[in-house]
Structure formats: structure tokens, C-alpha cells
Protein chains: 2
Amino acid sequence: MPKLIKTGTGEKLTRQREAVLGVIREREDHPTANDIFEAARRRLPGISYATVYNSLRFLREAGLVHEIKFGDSASRYDRETDRHDHALCSQCGKLVDFDLPQAAELMKAAARRSKFKPESVHLTLKGVCPDCCA
Amino acid sequence: MPKLIKTGTGEKLTRQREAVLGVIREREDHPTANDIFEAARRRLPGISYATVYNSLRFLREAGLVHEIKFGDSASRYDRETDRHDHALCSQCGKLVDFDLPQAAELMKAAARRSKFKPESVHLTLKGVCPDCCA
DNA sequence: TTGAGATTTAGACTAACTCTAAATCATAGG
DNA sequence: CCTATGATTTAGAGTTAGTCTAAATCTCAA
């Protein structure tokens, strides 16, 4: 069902990789590698920690999952692979996806200012989420 | 000379903290904690690794330095404490500061989309720096 | 001069990965 | 059906960046 973008010899969507992808796809939130390891172990009891990391790298390079790195603590993984931005709640730590429609112009403006040849932009909003505001 | 923003009992700009601040202030680039440790040791030979980290936390909380965390590898420190954005070269890894004048509106737009009460925005451009472009 | 609190120090510890080498698996050729 | 070649997985050791701890040292007001 999932289309592999990545080609090259011997890069298959194995049982383990499928389990990891399944875990990420069925979750609404943004699990860490460790969360994924625990959930994947429920589907495939023998799966190892290293394999989860290997699978995450494979899936990321294949464009099937998106890795979010804030410097704080562990990377989080996201089933949403289209370009988008993140809002991080300063109270509860919740991470929410959103998309800024003006992203393309934004990238151009940032490129003009920095003199870089642009490849991608990512915006992070820090603030208080609706739940914590209430 | 540096104004302490942070007050509260017993939070002094000690010799060690001043050395750390001095290292950051005299550099054009964005050193890691380890770079800072090595440079600070040249000024204050006995300074310990832990003290550099303690000082960096102190200086950050006092608003005297800015910490940049990309998920990749170590945090970097920046003498520029005003709000600004970063461009990261995908070829050579160089990190450059720039400022987007429309940041305030941007924050509002992001807040609208995400429904968060905004506190700060940060934008990261990935691309190729002028040196690598040439 | 003293002593209470702040700060520094060395080094142990931790979290989050990454690496390694041996075992296992998948499959194309015989 | 066998086999062997390369890809993949595994357990566990290693690494990196940073935090913690407890003892030593410093500072300064009383």
C-alpha cells in the first residue's frame, strides 16, 4: 500500500519497517523513537531497539515519515510528510502541526535576507495551547 | 559593563561567568559548549566543564547570550540576544543569523493557524550559503 | 573573624542515539 | 529443491552532549 519513493538495491519495506510505519500512521501525536519502540514491540515482540532506529532512518529517507527535531530531548516522528510548521506549548509541551499558506513567499524573503539559495523553511511558534489557555 | 537583567539573591557575574561571556562575545561564529570550554580554559586554566555549562545556563537566563538548538548535534551559543532567525547551509553546515522584519505579523499569522497564544516565533531556512553557491 | 549561602570542581551518571559483528532472512541461480 | 550472496536484524557495547552530586572553596555581611 505505501509507495516506496526510494529505489536502489535491496531496500525493502520489511515486516519490521512496516510495523514501525504502522505505529506512526496510527497515532495522532508525535511519538519519540522510544514510544515507537514500545508500540512496535507489541506488534512484533522480537523487534530490537536498533531496528527501530534503522527503520526510522529508512522511512525518513524514503519520504514516508517526517522527523521533528527540537533541540530539547528526543526527536519526534510525524506521519505528515508535507511541508508544515509546528507550535510547541510552553506549559504542557504539546506539539501541534499547522501550515502557513504564505510559506513560499516567506522562504523567498528569508533567502533575500540571508543571501542563501533556499531549499526549505520551517517555522516554530512557541506559546500556550488552547487547552492550557483555558 | 554587561548589565545583569536577572536579579534575585546571589546571582553574580563571577570570574568564570565573565570568561564564558567574553569567549562568546569575541567570536563571530556560533561556538558549541565544548568550543567555549576550550577557549575559556585559555583564559582561566582551572575552569571546569560543569562550570561552563552552569555559566551558560546562567547567562542564558540572564538574557546575555542566546542558545540555538537544532536537533543535530550540540547546542550553539550566540552573542546576539535580539530576536532573529537562522539560515543553515546544507553543504558546509555554516549557521548565519538574519532577521525577518515581518516577524511580528508572522507570529500573529502562526497564532491564528495554530490557535496558540503566541510567545515567540523562530524561522529556519535551509539552503546553500553564498560561499558554497559560488 | 565567622559562618551561611552561593559557586566551583571532578567525576560519576544519564538519555538518546550510533556502531559493530554475528546471526538470520530472502531470493536468484543452479 | 539447494545454495550462496547480499540485505536486514539483533544484542549489546560505545559515543556524545549534557546533567547531577557532594565535597571544597569563595564571598561578604554581621
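Each chain gets a letter, A, B and so on, in the order the sequences are listed, and its residues count up from 1. No hydrogens, no waters, no symmetry mates; every other heavy atom, side chains included, goes into these values. Please read all numbers here as calculations on a predicted model, not as lab measurements.
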Within-4.5 Å side-chain heavy-atom neighbours: A/E80 and A/V65
no

Just distance, no hydrogens or angles: give the donor-acceptor pairs under 3.5 Å from side chains in residues 118-128 of chain B, sequence neighbours left out.
{"residue": "B/E119", "atom": "OE1", "partner": "A/S90", "partner atom": "OG", "Å": "3.0"}
{"residue": "B/E119", "atom": "OE2", "partner": "A/S90", "partner atom": "OG", "Å": "3.2"}
{"residue": "B/H122", "atom": "NE2", "partner": "B/H86", "partner atom": "ND1", "Å": "2.9"}

Report yes or no: do B/L44 and B/L64 belong to one cluster of Ile/Leu/Val/Met/Phe/Trp/Tyr joined by side chain heavy-atom distances under 4.5 Å?
yes

Where at least one partner belongs to residues 35-44 of chain A, residue pairs that pass side-chain hydrogen bond (donor to acceptor under 3.5 Å, both in side chains), sequence neighbours excluded
A/E26-A/R43, A/T32-A/D35

Could you give all pairs that pass the side-chain hydrogen bond (donor to acceptor under 3.5 Å, both in side chains) test and reach residues 99-113 of chain B, with sequence neighbours left out?
B/R83-B/D99

Atom NZ of A/K69 and atom P of C/dT18: how far apart are they, to the nearest Å?
7 Å

Polar-atom pairs under 3.5 Å, protein N or O versus N or O of nucleotides 3-5 of chain D: list them with distances, or write none.
none

What is the separation between atom CD1 on A/I36 and atom C1' on C/dA16, rounded to the nearest whole Å?
13 Å

In whole angstrom, what separates A/L44's CG from C/dT24's P?
17 Å

Among all residues two or more places apart in sequence or in another chain, which pass the side-chain hydrogen bond (donor to acceptor under 3.5 Å, both in side chains) test with B/R79?
B/E28

Under the side chain to side chain contact (heavy atoms under 4.5 Å, CB included) test, residues paired with B/S48 that sit two or more places apart
B/A50, B/T51

Whole-Å distance separating the CG atom of A/D35 from the C1' atom of C/dC17
15 Å

Separation of D/dA7 atom C1' from A/Q16 atom CD, nearest Å, is 12 Å

Side-chain touch A/C133/A/D131, heavy atoms, less than 4.5 angstrom:
no

Round to a whole Å and report the spacing from CG of A/L56 to P of D/dT8.
15 Å

Nearest-Å distance for atom pair CD1/P, residues B/I47 and C/dT8
8 Å

Please determine if a side-chain N or O atom of A/T51 lies less than 4.0 Å away from the OP1 or OP2 oxygen of D/dT10.
yes

Below 4.5 Å, heavy atoms only, C-beta onward: do A/V20 and A/L56 meet side chain to side chain?
yes

Tell me, for nucleotides 25-30 of chain D in 5' to 3' order, what letter each nucleotide earns: B for a base near a protein heavy atom under 4.0 Å, S for only sugar-phosphate near one, - for neither?
------

Taking only N and O in the side chain of B/T14, is any of them less than 4.0 Å away from OP1 or OP2 of C/dT8?
yes

With sequence neighbours excluded, residues passing side-chain hydrogen bond (donor to acceptor under 3.5 Å, both in side chains) with A/N34:
none

Per-nucleotide protein contact along nucleotides 13-22 of chain D, 5' to 3', at a 4.0 Å heavy-atom cut-off (B base, S sugar-phosphate only, - neither), is ----SBBB--

Under the ring pair (Phe, Tyr, Trp, His ring centres under 6.0 Å) rule, what pairs show up with a residue in residues 20-51 of chain B, not counting sequence neighbours?
B/F37-B/Y49, B/Y49-B/Y53

For DNA chain C, report each stem as range with range, ordered by first number, or say none. Use Watson-Crick or G-U wobble pairs under 3.5 Å, at least 3 in a row.
C:1-30 with D:1-30

Can you name the residues that form a side-chain hydrogen bond (donor to acceptor under 3.5 Å, both in side chains) with A/R60, not counting sequence neighbours?
A/E67

Looking at side-chain heavy atoms only, is the closest gap between A/F116 and B/V96 below 4.5 Å?
yes

Quick one: do the A/D82 and A/H66 side chains pair a donor with an acceptor below 3.5 Å?
no

